[in-house]
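Both ligands and their constituent atoms are indexed starting at 1 by order of listing.
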Amino acid sequence: MKTQVNTQVVNICGYGREAIENRIRTCTRWLGRQVCFYDETDSTNERAKQAAVGGTEDGTLFVADMQTSGKGRRGRQWNSPAGSNIYFTLLLKPKFPPDKASMLTLLMAYAVWQGVAQYTPCGIKWPNDIVVKGRKVCGILTEMSVEQGRIQHVVIGVGINVGRQEFAPELGEKATSLEQECGQSISKTELLVDILAKFEAEYEKFIDVQDLSGIREAYNACLVNCDRDVRVLEPKGEYNGIARGITDTGELLVELADGSVEAVYAGEVSVRGIYGYV
Ligand code: BTN
């Protein structure tokens, strides 16, 4: 767990382009060395995609203190008030084939899990939500542009609920924040930079093997769905089973009542706990 030292960092370095750049300089080798910081923007994913088309370099980081049109998965909104949370997007221009890109979301989830776990016990709800005591504290939205079978860019957007806040009634018991759960003040700069350093380390290994074999065991160890009853919601129908962990390519293995095992691909599928969100 982080100690008082972290609380002091909050006061010393604040949150902004300069603070992030200063910390990143000593923590990553190349990722996030270019930072675009917005006090307010529509969506850091939109900023990153627009910049990518304009030629902005691989590894550039887009961070906002507030988003007016924060985007979640499945066309949902991501509530993004000022002052409390982390909203960032990484722009990547990988050379691997487009079918590998969905694994980056799980890789990022594992990096965020490592960062958050320093403050409070947490888990991953497949494929990429970080949960604390069964409630979501982080969501990840990955978007990709492909031309003539080649990746032009991938943007990985991450929203982390850090400060105490009121959540919309429709989120009910589903969402919480880190400070609410761990009762400690958290430096957004420190947490963000930590996550980037962890992602960079995993991403460099991923580029070599182009699968998740390097993190599979560790990912499964923090998977909250593992060995639990889940309901799989596919476009063609719904069914129940027991989640048994991920494959090397990030599909969730679900054991059915007859003993057969389905490999569930994240794209169009949603997995819920039988008794609630997890
Ligand atoms: C989810 O629905 O779980 C994914 C939420 C992703 C939110 C982040 S916040 C930073 C980035 N910019 C966006 O508009 N969305 C992502």
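- Heavy-atom neighbours of Glu204 CD from other residues, nucleotides or ligands within 6.0 Å: above the threshold of 12.
- Close contacts between ligand 1 and Lys136 involve ligand atoms 1 (C), 3 (O) [criterion: under 4.0 Å to a heavy atom].
- Of the protein's non-hydrogen atoms, Gln67 NE2, 3.4 Å is the one closest to atom 9 (S) of ligand 1.
- Here Lys188 pairs with Asp65 in a salt bridge; the nearest charged N to carboxylate O distance falls below 4.0 Å.
- Each of the following atoms of ligand 1 lies closer than 4.0 Å to a heavy atom of Arg73: 1 (C), 2 (O), 4 (C).
- Looking from atom 4 (C) of ligand 1 to the surrounding protein, the closest heavy atom is Ile140 N, 3.5 Å.
- With respect to atom 5 (C) of ligand 1, the closest heavy atom belonging to the protein is Trp78 CE3, 3.3 Å.
- Polar contact check, Lys71 against ligand 1: a nitrogen or oxygen pair lies under 3.5 Å apart.
- The hydrophobic cluster containing Val35 does not contain Tyr38, counting ILVMFWY residues as joined when their side-chain heavy atoms lie under 4.5 angstrom apart, directly or transitively.
- Taking 4.5 Å as the limit, every side-chain heavy atom of Phe88 sits out of range of all side-chain heavy atoms of Thr44.
- If you number the atoms of ligand 1 from 1 as listed, the ones under 4.0 Å from a heavy atom of Thr89 come out as 11 (C).
- Taking the side chain as every heavy atom from C-beta outward, Ile215 and Glu202 approach each other to under 4.5 Å.
- Shown in contact with Gly70 at under 4.0 Å from a heavy atom are these atoms of ligand 1, numbered in order with element: 14 (O).
- For Val158, every heavy-atom contact with ligand 1 shorter than 4.0 Å involves the backbone, none the side chain.
- In Glu46, neither the side chain nor the backbone holds a heavy atom less than 4.0 Å from any atom of ligand 1.
- Of all atoms in ligand 1, listed by their number and element, those nearer than 4.0 Å to a heavy atom of Thr44 are 10 (C), 11 (C), 12 (N).
- The closest side-chain donor-acceptor pair between Asn45 and Thr89 falls under 3.5 angstrom.
- Within a 6.0 Å sphere centred on CD of Gln152, heavy atoms belonging to other residues, nucleotides or ligands number more than 12.
- Between the side chains of Thr41 and Arg47, a donor-acceptor pair is found at a separation under 3.5 Å.
- Using a 4.0 Å cut-off to heavy atoms of Phe88, the atoms of ligand 1 that qualify are 10 (C).
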